[in-house]
Each structure stands twice: as structure tokens, then as C-alpha cells.
Amino acid sequence: MFSRTNNCGELNKTHIGSNVLLCGWVNSLRTHGKIIFIDIRDRYGKTQVILDKDDLIDKGNSLSNEDVISISGKVSARTKEFINKEIATGEIEVIADKLEILSVSEPLPVPIHDREASTEEQRLKYRYLELRNKTLQDNLLKRHHAAQVVRNFLSKKDFIEIETPVLMKSTPEGARDYLVPSRVHHGKFYALPQSPQMYKQLFMISGLDKYFQIVKCFRDEDLRSDRQPEFTQIDLEMSFVDEPDIRNLVENLITTVFKEVNGVKIKKPFPVITYNESIQRYGTDKPDLRYDMELNDFKEFSNKSDFKSFKDLDYVSMISVKDEGVFSRKIIDELDNHAKSLGAKGLAWMKCKNNALDGGIARFFDSNLQSDIISHYKLKDNSICFMIGDNSNLALKVLGSVRTKIAEMLNLCDNTIFKPVWIVDFPLFEWDKEEKRFESVNHPFTAPKDSDIEKLSSNPEDVTSKGYDIVINGYEVAGGSIRIHDNEMQKQIFEIMNMKEKEINEKFGFFIDALKFGTPPHGGIAFGFDRLVMLLCGVNNIRDIIAFPKTTSASALMEEAPNTISETQLNDLNISIKKNEKDI
RNA sequence: GGGGUAGUAGUUCAGCUGGUUAGAACGCCGGCCUGUCAAGCCGGAGGUCGCGGGUUCAAGUCCCGUCUAUCCCGCCA
């Protein structure tokens with residue numbers, strides 16, 4: 001029987017002369033007749049092994065990539081000309097005196113060292129092979145490290161990690177629930193948590209004071225590159241706090257994680273901007289602050305121009321960018337198409353040259369107006385302006401998206417820089433046109449600002465909430481709020497959302513009851529842990545930091561989930577499947 | 001639900017305005033080779049062009065439908 005003495009990444013000059021036994025995969029094989037080189041690989045690194053004895057060469061010639069082997073031999077120094085500076089073990093090699101083949105590998109369906117070299121469909125099907133890739137392993141290692149730092153940090157601050165149920169009651173507000181049928185209670189269903197929101201508030205009522213959990217959450221909605229149907233939150237809640245207490249704690253948590261995991265220092269305190277300000281300046285509530293290019297109100301000038309398409313519009317939004325020959329007609333067309341695909345009528349533009357405006361819609365602005373524009377926005381020579389006119393919502397939103405697109409084109413997104421910002425003063429409600437009722441912008445447990453409580457009954461649309469988000473580099477990384485701790489107010493909020501007493505009692509009665517028995521003022525926040533790890537790893541796809549992710553249609557290509565179940569299983573649950581017309 | 005992109009050898013791709021036997025690289029199999037490190041050289045095998053229909057003398061190529069992956073919009077309290 002074998003027993004490994006070292007891993008494949010740790011041998012160096014200090015081990016020269018010692019006898020070792022290494023285990024791992026054949027990373028590459030170079031046969032030269034009377035000598036064979038094997039790079040043996042494990043999670044820790046690669047080591048070059050030499051086979052130069054006749055019996056070993058016969059065996060070595062039968063090897064192929066990804067076979068699992070063990071090698072025993074002597075660590076030997078490489079002569080100067082053969083040192084490989086690329087790898088940690090490059091100063092030594094192991095001269096084998098025994099080779100054991102532990103497992104033979106068939107040719108791989110995906111190459112493991114070059115992830116780009118196969119389609120994602122293929123890689124997800126053989127995810128366990130893709131996970132042999134160094135980068136992916138490093139990402140998972142970083143994820144582990146980040147979780148560990150979070151647990152340590154919060155534990156030291158008296159937070160207790162408490163598990164909450166995964167099978168819970170469905171309360172259809174917000175996202176669609178993943179549902180689990182009950183065998184015992186025919187026709188009834190559990191829901192998987194979208195977040196442990198109510199449980200953690202109940203912990204505060206219980207007097208547990210400070211709670212956290214690194215926990216899986218589930219939302220049955222359509223996916224994006226930063227959204228998975230099941231994802232992980234760092235969920236936390238604390239009693240007897242107001243907004244500044246939470247912000248202070250969270251800033252310390254975030255800076256600690258970035259420092260411990262990535263060695264990056266982030267300045268405190270984080271900048272704070274209001275929701276309205278963020279929309280005005282960046283056209284989004286998750287602005288990327290790694291670059292400037294703020295949006296401007298251009299209405300004043302477009303009104304004075306002869307450009308008819310901008311007349312009679314609510315709003316004209318403008319950004320200006322330095323143009324160092326990047327914005328060719330082709331690129332401008334590309335941006336124009338992007339704007340149109342988001343619902344804008346088009347993207348107007350003009351360039352600033354020799355203290356005048358030129359190209360695009362410049363001819364609709366007379367020379368006086370042009371100089372006014374140039375001096376008002378301090379436009380520099382060789383810059384380009386982009387404008388969108390529409391209702392203010394759309395104009396800002398679309399130009400905000402153009403802003404990020406331009407930043408990508410100009411390579412302004414440095415993944416080693418982290419720019420966090422608090423977004424605060426969200427409206428408490430927004431009007432749902434289709435349902436014709438108010439809906440919570442955050443969730444219905446978010447408290448209104450103390451100064452706005454009177455407006456709750458008169459004009460709910462003007463009420464500002466005690467909610468806050470943290471955005472880093474354009475990703476919404478965390479969101480939370482100070483909660484309502486008064487049962488009457490909680491009931492009032494549900495009523496504003498057009499819920500009847502009966503419905504409130506059915507869905508949330510237990511929770512409103514709980515609020516009656518001495519509820520401390522409390523608040524908290526939940527981090528999208530996956531997104532945080534994405535930032536730490538410098539990747540822009542959530543699948544790169546999850547071991548076994550789902551596709552954009554929420555299926556698992558490896559094990560083929562979801563799947564059909566047997567008649568027996570259906571009968572146990574008293575469920576029958578409706579046949580579509582197509583299937584008949 | 002809507003829009004964009006992709007689907008051809010084990011893998012990644014090429015294949016023009018429809019026209020001989022659908023090509024390349026890597027991998028695989030066989031052989032040679034004592035200093036390579038993505039080793040090299042010689043030879044070989046390997047294809048239901050995602051699937052279904054249509055147009056045509058002729059379809060990988062054109063048309064319609066459909067499936068899968070991916071990006072975006074809607075959606076994500």
C-alpha cells in the first residue's frame with residue numbers, strides 16, 4: 001500500500017536527496033525513447049518526474065493524460081539550464097524508482113487547462129472535470145476563505161450563526177417561490193426561502209440580539225450572468241440599532257474581507273448617495289463608480305436648438321467622453337443599436353472639435369449655443385457627447401446603460417479596484433400599474449423614515465424608507481433596512497399594499513402577532529455572497545464561483561435536473577400532471 | 001414572454017454567390033526518439049453538419065418550425 005509523503009506543489013531545493021512518494025494526475029507526458037518526463041499534478045501544484053529505467057519506461061509509455069498514478073523516487077536538483085522558473089517546484093525533479101497506475105483515464109471530453117477552448121454546455125455537463133482547472137479551484141478556495149473571514153468577524157462581534165428552516169410557508173410577495181409538495185398534507189405545499197427574512201426578525205423578538213447565517217436562498221425567476229436560482233446570502237440582523245450602526249458594522253466587515261482575502265485596502269467611510277441622486281447622476285440604482293462620466297440634464301440646451309426630435313420631450317440626458325479616436329461611425333452605430341434595444345428612439349451624438357461642435361446633430365445647434373454648451377459642461381477638444389431624449393425614466397435608464405457600455409469599450413473597468421457606495425433613501429413604495437396597487441420597493445417589513453410616517457396615510461408614494469443597499473463596481477452586493485417593530489404600523493403597510501384584513505391574517509398573522517409581545521427596534525442586511533466572491537475573484541459570471549451551477553434555464557446539465565418522477569411518487573403526493581396539447 | 005449570438009470529427013473551429021469524396025488544429029491509435037516542460041518527427045482511424053419539415057436536378061449552405069447553450073429586456077419584495 002502507498003502513502004504519500006508530499007503533495008505535488010511543495011518540493012524544492014531543501015528536499016534534494018530525500019525519498020518521496022507523490023500521488024496525482026498525469027498532467028503531461030513527454031516521451032523521448034530512453035527517458036520520459038511526466039508532470040504529475042494535484043491541487044497544490046505540479047512536479048516533474050523522470051523515468052529512465054527500462055521497466056519504468058515500458059510502463060510510462062502506456063500512460064496517458066489524466067491517469068492517476070503514484071510515483072516514488074528521489075528528489076534531485078535540476079542542472080541550471082533545465083530549471084523551470086514558471087512553476088514552484090521548477091528547481092527539482094523526482095527520479096522515479098517505482099510507478100504505480102492507480103486509475104486509467106479515458107480521453108477527456110473537455111480540455112482542463114483552457115476553459116475557453118470548449119463550450120459552456122460541454123463544461124457544465126462534465127463539471128467535475130472542469131473543476132480540475134486551477135483557476136476554478138482557486139475561485140472555490142477564495143470563496144471558502146471569504147466565508148471563513150465572515151464567520152470569524154461576526155462571531156467575534158457576538159453574532160450567533162443560527163440555522164433557519166428550508167421548508168417554510170409560501171407568502172407570495174415578490175419573487176416566485178420554489179415549492180415542495182407535502183406528502184402528509186395532500187394539496188399543500190412548502191416553499192423554499194427567498195431569504196430567511198421573517199425568521200431573523202423573530203430572533204430579534206426572541207432576544208437573541210445578534211444573528212447571522214451563511215445560507216442558501218431560492219427564487220424561481222429568470223436568470224442572468226449574476227443570478228442563480230439558488231444562491232447564498234450572508235444574512236444578519238441586530239437589535240437596538242439605527243441606520244448608522246448597521247452601516248458602520250458592514251463597512252468594517254467588507255473592508256476586513258477585502259483585506260484578508262485579497263490584500264486590498266478599501267477606504268472608510270464609504271460614500272453615501274441617495275436613490276434619486278444615483279438615478280440622476282448614473283441612470284441606475286447600482287452605479288459603477290470606478291469611472292466618472294456622469295449624466296447631465298441637457299434639456300435647457302436642446303430646447304434652444306432646432307433639433308425637432310428633442311422638442312416636446314420630458315427629458316434630455318447627456319454624457320460626454322474623451323474621444324481618442326475610438327468612436328468611429330461603426331462604434332457609434334453599435335451604441336445606437338444598444339440604446340434602441342433598450343427602448344430608446346435613438347442615440348444622438350456630436351463631437352467637440354476646435355472649440356465647436358461637429359457631426360451628428362451638431363448642425364441643429366447654432367454657434368452661440370455651441371459655445372454655451374461647451375463652456376457650461378466644460379467640454380474639452382476631442383470629446384464626444386451622447387444624448388437621449390424621452391420620458392425621464394427611460395432617458396436616464398438607457399443613457400446609464402450606454403455609460404457602462406462605453407466604459408467596457410474604453411477598458412475603464414479595472415477588476416482589481418473596488419469602489420463601494422451606499423445607496424439610501426429609497427422610496428418605500430412604487431405604484432404597480434398592472435396590479436393597480438402599491439408594492440414595496442424593498443420588502444414590506446422595511447420601516448419608513450420617522451419624518452415621513454405622517455405621509456403614510458396621505459401620500460404613500462412620497463414616503464422614504466430606512467432601506468440601504470451597498471453597490472460595488474456596479475453590482476448590488478448587499479441590501480437591508482431598519483425594520484418596522486410596531487404591529488399597527490406593519491398592518492398599515494399591508495393595508496396600503498391593498499391587502500385585506502383576512503389576507504393579512506392568513507399570510508402574516510403569526511408575524512404581526514409576534515410583533516405584539518415586546519419587539520426591540522432592529523434592522524439588518526443581507527449580502528449576495530456569490531456576487532461578493534465574484535468581485536473578490538475578478539470574474540463577471542456567477543457560474544465561475546459556484547461548484548455546480550445551473551444554466552440560464554435553471555437546469556443542471558450534469559445530472560439532468562429537474563427530471564420527471566415516477567407514478568408512485570406522484571401518487572404519494574396526490575399530484576397529477578396536466579398534459580399540454582402539444583404532448584397529446 | 002421578447003430580442004441578439006452560437007450549434008459541422010472526441011474538442012475547438014473553417015467551409016464564399018447552393019455544385020466532385022465536408023477540411024484544419026488539438027486529442028486519440030501505431031511507430032521513431034536520452035533533457036523535455038503545450039516536446040518533436042512519420043503514419044492512421046474518426047462525421048446522422050442539433051432535430052423535424054420544405055424549396056431544388058442538387059442543401060452544411062436557402063426557407064419554416066423546434067430544441068439546447070449564452071447575453072440582454074421584462075421579471076428578480
Side-chain angles (χ1 to χ4, degrees), chain A residues 27-41 46-54 57 61-62 64-66 78-79 81-87 89-90 93 105-126 129 171-177 194-195 197-198 217-229 231 334 337-338 340-344 394 397-398 401 404-405 426 428-430 432 434 438-446 465 467 476 479 481 493-494 497 526 528 540-541 543 550-553 555 557 560 582:
Chain A
N27 194 69
S28 72
L29 198 64
R30 297 176 290 279
T31 62
H32 290 241
K34 293 281 185 291
I35 186 170
I36 293 177
F37 300 91
I38 302 171
D39 287 345
I40 183 171
R41 182 196 80 238
K46 291 188 288 191
T47 304
Q48 175 162 282
V49 175
I50 306 279
L51 308 182
D52 57 3
K53 297 171 183 70
D54 283 346
I57 283 170
N61 273 320
S62 75
S64 57
N65 285 343
E66 300 303 309
R78 296 198 198 185
T79 56
E81 52 187 312
F82 300 128
I83 287 174
N84 183 348
K85 286 178 183 143
E86 304 287 311
I87 58 173
T89 61
E93 56 199 6
S105 170
E106 288 186 14
L108 300 192
V110 288
I112 60 174
H113 302 302
D114 184 3
R115 296 180 60 216
E116 301 296 310
S118 54
T119 59
E120 187 139 23
E121 208 169 343
Q122 207 55 227
R123 287 186 274 132
L124 288 176
K125 186 172 175 190
Y126 298 100
L129 294 180
T171 53
E173 288 293 316
R176 261 186 294 268
D177 284 324
Q194 296 178 25
S195 83
Q197 183 62 35
M198 275 185 281
C217 302
F218 307 84
R219 293 178 192 175
D220 188 1
E221 294 293 342
D222 288 346
L223 306 173
R224 289 288 185 280
S225 57
D226 63 347
R227 274 172 15 199
Q228 280 275 304
F231 58 99
E334 212 173 289
N337 284 334
H338 177 70
K340 281 177 181 156
S341 76
L342 299 179
L394 196 88
K397 194 178 114 185
V398 176
S401 173
T404 56
K405 186 107 182 160
F426 288 86
L428 191 61
F429 298 108
E430 65 187 343
D432 186 322
E434 281 168 24
F438 285 108
E439 284 205 332
S440 296
V441 165
N442 187 217
H443 55 60
F445 313 108
T446 302
S465 82
E476 188 190 319
S481 63
I493 297 289
F494 287 129
M497 295 169 66
N540 49 24
N541 197 303
R543 293 184 298 275
K550 305 269 190 293
T551 70
T552 39
S553 60
S555 41
L557 296 182
E560 296 183 321
K582 275 189 220 165

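Convention: sequence-line order gives letters A, B, ...; per-chain numbering from 1.
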Problem - Integer-rounded Å distance: B:U11 P and A:Asn65 CG - result: 17 Å
Problem - Separation of the P atoms in B:G3 and B:G47, to the nearest angstrom - result: 38 Å
Exercise for the section: Write down the distance separating the C1' atoms in B:C37 and B:G43, rounded off to the nearest Å. Expected result: 26 Å
Handout entry: Which residue lies more 5' along RNA chain B, comparing A:Asp52 with A:Pro107 via nearest heavy atoms
Key = A:Pro107
Exercise for the section: With P as the reference atom in both, quote the distance from B:G18 to B:G52 in angstrom, rounded to an integer. Expected result: 24 Å
Practice task
Measure from NZ on A:Lys340 to C1' on B:G4 and round the result to the nearest Å.
Solution key: 15 Å
Handout entry: Inter-nucleotide P distance (B:C62, B:C49), Å rounded
Key = 16 Å
Completion exercise
Per-nucleotide protein contact along nucleotides 68-73 of chain B, 5' to 3', at a 4.0 Å heavy-atom cut-off (B base, S sugar-phosphate only, - neither), is SSBSSB
Exercise for the section: Treat primed atoms plus P, OP1 and OP2 as sugar-phosphate and everything else as base, then score nucleotides 37-52 of chain B 5' to 3': B for base contact with protein heavy atoms under 4.0 Å, S for sugar-phosphate contact only, - for none. Expected result: B-B-------------
Practice task
Provide the distance between the two C1' atoms, one in B:C33 and one in B:A39, to the nearest whole Å.
Solution key: 11 Å
Exercise for the section: Look at the side chain of A:Arg219 and the base of B:C76, then say whether one donor and one acceptor between them are separated by less than 3.5 Å. Expected result: no
Exercise for the section: Please state whether the base of B:G35 and the side chain of A:Glu93 form at least one donor-acceptor pair under 3.5 Å? Expected result: yes
Handout entry: Nearest heavy atoms of A:Gln228 and A:Arg543, plus distance in Å
Key = NE2-CG, 3.7 Å
